[in-house]
Amino acid sequence: MYWEPDMECMDREGLQQLQIERLQATVARVYMNVPFYRKKFDELGIDPDDFRSLDDLRRLPFTIKNDLRDSYPYGLFAVPLRDVVRIHASSGTTGLSTVVGYTKNDIKTWSNLVARVLTAAGVTKDDVVQIAFGYSLFTGGFGLHYGAERIGASVIPISSGNTARQIKIMQDFRTTALVCTPSYAMLIADTIQEMGIDRNSLSLKYGLFGAEPWSERMRQEIQDKLKIVATDNYGLSEVMGPGVAGECLQRNGLHINEDHFLVEIVNPDTLQPVAPGEVGELVITTLTKEAFPVIRFRTRDLTRLMPEPCPCGRKTMRMQRVMGRTDDMLIIKGVNVFPSQIETVLFSFEGTEPHYQIIVDRKGAMDDVTVQVEVSESIFFDEMKQQNELIKRIKSKLASELGIGVEVKLVEKKTLERSEGKARRVIDLRKI
Ligand code: DLL
């Protein structure tokens with residue numbers, strides 16, 4: 001099932017033609033309307049009329065999150081505020097938040113692209129969709145809401161939090177699709193079990209999860225516990241919000257909505273393109289955004305492109321699930337490690353629960369890392385000897401797979417903080 005088959009299944013030649021036309025229009029528009037871009041283009045001697053091929057993209061400057069902060073709040077808007085019908089902002093946990101705007105047309109495009117993602121993940125107008133993302137300045141709630149309404153599904157705008165109520169509504173309203181972060185889905189699944197609710201009293205079929213990294217093992221756990229098909233979807237507020245990319249039912253990579261977003265993968269250090277299929281930082285140029293176009297936005301997200309054709313019939317390029325952000329990367333004893341890699345190792349052991357936290361501190365010049373992982377009751381109440389044995393095995397696997405030695409601590413179930421939104425996997429005491 002496709003939402004816009006003519007776009008999603010277009011051949012590459014047609015797509016590239018569309019992309020270059022849209023890129024030309026975007027470049028001309030930002031040059032005309034956004035002083036920040038005009039100044040940068042002038043400095044680099046870029047003439048917006050001189051754009052012939054997609055390769056010309058490489059001549060354009062990158063945009064980074066700090067550029068958005070420096071232009072706070074409206075400096076990078078490409079239309080007057082009277083044409084803006086919606087404003088969202090990122091949470092701004094590190095410094096000023098970044099503010100983004102949408103015209104009426106942008107909202108229409110956004111709804112359509114989210115409708116594509118939902119359709120690819122199995123949702124139809126017959127579904128009852130429970131949106132357990134926050135409805136706020138965060139793009140998750142409203143973005144998925146508009147897309148689900150666009151499809152004609154019955155939408156429950158419950159927002160995040162109040163897990164017992166989420167479950168009651170899920171039962172009473174016969175929710176068929178749950179939309180939230182994977183960590184919140186896990187909390188909901190665990191709460192359903194704890195409340196002694198029979199899974200078969202629920203009508204759930206699909207789960208659409210995104211907004212944070214998660215592993216294949218976590219997908220398995222959620223799918224098993226909730227008996228649903230769980231897909232991953234990706235987006236970021238600076239580029240639009242959800243709707244940038246999403247998995248189809250193959251669940252093997254996320255289809256990028258390439259007719260609206262031009263993607264590149266670059267080496268985050270050299271900023272040069274990586275070899276095809278290699279992992280690097282995802283860089284996105286918007287092709288149709290009116291209020292808030294971005295040119296070569298450095299997402300900080302690490303992934304790789306998967307050019308192989310997908311059996312679902314969509315011809316859009318897929319990207320592998322995001323491994324993590326370059327700014328989440330830990331340098332432990334000189335080795336680069338992502339929380340998702342630690343997660344994969346932890347979850348490969350029988351008896352570990354899908355809840356962990358990585359505590360980073362500094363001892364002298366070295367990062368000192370302790371991984372806390374919840375374990376099942378039988379292990380927690382096991383003899384010390386058995387526990388030490390498990391710790392030893394986890395440490396040794398971390399050492400061999402990641403090349404680092406870290407401390408491992410087993411903790412009792414439900415010790416670690418649960419999340420109703422994006423989970424906090426790393427506690428960095430170095431910044432305090
Ligand atoms: O998280 C938009 C979104 C909402 C996407 C709902 C999907 C569903 P921001 O708050 O601006 O926007 O955060 C964007 O979250 O750069 C990634 O680091 C991370 N992220 C988003 N989706 C995924 C995903 C929304 N599927 C940042 N896998 C991005 C891994 C993700 N990381």
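Sequence positions, counted from 1, serve as the residue numbers for this chain. Order of appearance sets the numbers: ligands from 1, and atoms from 1 within every ligand.
For the atom pair CD of Glu212 and OG of Ser419, the computed distance is 6.0 Å after rounding to the nearest 0.5 Å. From Thr98, atom OG1 reaches atom CG of Asp67 across 11.5 Å, with rounding to the nearest 0.5 Å. Considering CD of Glu8 and CZ of Arg116, their distance stands at 5.0 Å, rounded to 0.5 Å.
Scanning the protein heavy atoms around atom 19 (C) of ligand 1, the nearest turns out to be Ala211 O, 3.7 Å. In this structure, the protein non-hydrogen atom closest to atom 11 (O) of ligand 1 is Ser237 OG, 2.7 Å. Here the protein heavy atom with the shortest distance to atom 2 (C) of ligand 1 is Gly235 O, 3.4 Å.
Under the salt bridge (charged side-chain N to carboxylate O under 4.0 Å, His left out) criterion, the residue pairs touching residues 122-136 are Asp127-Lys205, with sequence neighbours excluded.
For Glu43, the CD atom sits in a packed shell: over 12 heavy atoms of surrounding residues, nucleotides or ligands are nearer than 6.0 Å.
Interface of Asp301 with ligand 1, defined as ligand atoms under 4.0 Å from a residue heavy atom, comprises 16 (O), 17 (C), 18 (O), 29 (C). Short contacts between ligand 1 and Thr139, defined as distances under 4.0 Å to a heavy atom of the residue, involve ligand atoms 2 (C), 12 (O). Remark: ligand 1 atoms within the under-4.0 Å shell around heavy atoms of Gly140 are 4 (C), 6 (C). Within the listing of ligand 1, atoms 6 (C), 8 (C) sit less than 4.0 angstrom from a heavy atom of Phe133.
For the ligand labelled ligand 1, residue Lys422 lies inside the 4.0 Å heavy-atom shell.
The shortest heavy-atom contact between Leu178 and Phe209 is O-CE2, 3.7 Å.
Contacts between Leu236 and ligand 1, counted as non-hydrogen atom pairs separated by less than 4.0 Å, involve both the backbone and the side chain.
At least one N/O-N/O distance between Asn233 and ligand 1 falls below 3.5 Å. Polar contact with ligand 1: absent for Phe209 (N/O pair, distance under 3.5 Å).
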Exercise for the section: Using the side-chain hydrogen bond (donor to acceptor under 3.5 Å, both in side chains) rule, take Tyr356 and Glu343 through it: C-alpha gap first, then chi angles, then the decisive distance, then the call. Expected result: CA-CA 8 Å; Tyr356 68 97; Glu343 174 172 324; 2.7 Å; yes
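Of the candidates Glu238, Met240, Met319, Glu212, the one placing a heavy atom closest to atom 28 (N) of ligand 1 is Glu212.
With respect to Glu258, the side chain to side chain donor-acceptor pair (under 3.5 Å) criterion is satisfied by exactly one of Lys315, Gln16, Arg12: Arg12.
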